[in-house]
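Protein chains get the first letters and strands the later ones, always in sequence-line order, with residue 1 at the start of each.
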Protein chains: 2
Amino acid sequence: MAEHTVKAFDEDIDKLRGLIAEMGGRAESALEDAMTALVREDKKLAAQVVAGDARIDELESEVEKLAIQTIALRAPMANDLREVIAALKIVGVVERIGDYAKNIAKRVPLVAVNKRTLEPVSLLPSMAQIAGEMVHDALNAFSARDADLALAVVNRDTVVDDFYNSIFRTLVTFMVENPKTITECAHLLFIAKNIERIGDHATNVAEMVYYAATGQYLPDRERGETTETS
Amino acid sequence: MAEHTVKAFDEDIDKLRGLIAEMGGRAESALEDAMTALVREDKKLAAQVVAGDARIDELESEVEKLAIQTIALRAPMANDLREVIAALKIVGVVERIGDYAKNIAKRVPLVAVNKRTLEPVSLLPSMAQIAGEMVHDALNAFSARDADLALAVVNRDTVVDDFYNSIFRTLVTFMVENPKTITECAHLLFIAKNIERIGDHATNVAEMVYYAATGQYLPDRERGETTETS
């Protein structure tokens, strides 16, 4: 590429990274707010999370348009092209993380939780916090091309999976003992599953970052499928 | 592009389409086999579905490599570039459909179904059949750039959603009446959810095909999020 094209390409990539960072920040906040809404039974906050997902989807479209434009105008070579394609894949994953957060928020009005009667709820926020941190770190690893940070994210996924398996068992036991709460508990099961999937997606991003930074694939791991009862 | 490059590009696109058709066929079969395994309690067939997902993942990697190579070597212009990017997005979705089928198969050994006691199972195969047909038609619409067929897929998604909502209610009622079956029913809930997501993903593919063929977005529809109890 001519020098001015290289500069233009670098500017495009910076813009792509900026948009992805904004999307990631919004997805993280959406998860946090959805969990706050769940715990506080705050239907208004839940509705805000649901409405806010449209902006995440818009950002995905912007990234796609910019990525296609960058490829068409700058004709980047091998490594640079790979970086643009990686950005496209990563926004796809971040968009899905946003969807999972929205899905949790949509269930808030369906889980009429009386906190003292629905004790399994108490494990969910800790699980969501770890998954949220994984999303945060995976996107930071992407920004900084930090393979070590990416690896740390991948290794943390088992914690989320352990949480999920524990919550699954707790909820089933709770349902057996309190059949009147079965509908609410079914929604909590799906919420736990959504959080577990967010952890998986953060892991997927981290794996892509690791590969982009080192050229090596991580030792085999079933993609996005690590829970006993997944 | 020079004439020989145009020809080479067309060959690349044909190859991409061929790989995607193969992936789609495998994902469809995986869903069908997973449901057969569920209904017949056939753990061996379920294990085959789980093992077979690796080939779908491999095909995704092949499509990605070929797409990147096509962009790098042929430097396609606007519409052609869009088509390659669409292919990249569609394989991502097909890969996820394969994951959902695998996930259903993984649950087969966990659902020790005595068919006479677990009647909600009987609705699942019909639901899966419709979802499978949607996948089939969405990929045919992609091959044939058929906007009408794509639209028909999108319109069928409400049928799958209605099934899901009905199965959700049936399972919850069943759990309340038969607390001993709660663990199995929880897995059946997730299976129903997986099928519902397959319908959503087929719809997403159909939406992309419709847009690629007509340049118009379909009237607003919440992406991949259409069930009452999603």
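- Take B:Glu32 and apply the side-chain hydrogen bond (donor to acceptor under 3.5 Å, both in side chains) test, not counting sequence neighbours, and it matches no residue.
- Looking at residues two or more places apart in sequence or on another chain, you find a side chain to side chain contact (heavy atoms under 4.5 Å, CB included) between A:Arg145 and A:Arg17, A:Glu83.
- With a threshold of 4.5 angstrom between heavy atoms, A:Leu189 approaches chain B through its backbone and through its side chain.
- For the pair A:Lys193/B:Lys193, no side-chain contact is recorded, criterion being any heavy-atom separation below 4.5 Å from C-beta on.
- Interface residue B:Leu81: only side-chain heavy atoms are found under 4.5 Å from chain A.
- When A:Met175, A:Lys180, A:Glu177 are compared by the number of non-hydrogen pairs under 4.5 Å with chain B, A:Met175 comes out ahead.
- The choice from A:Leu88, A:Ile71, A:Val84 that makes the most heavy-atom pairs within less than 4.5 Å of chain B is A:Ile71.
- Taken to the nearest 0.5 Å, the NZ atom of A:Lys89 stands 13.5 Å off from the NZ atom of B:Lys89.
- The side chain to side chain contact (heavy atoms under 4.5 Å, CB included) test with B:Thr183 singles out one residue from A:Val176, A:Val172, A:Thr173, and that residue is A:Val172.
- In this structure, the portions of B:Ile68 lying under 4.5 Å from any heavy atom of chain A include both its backbone and its side chain.
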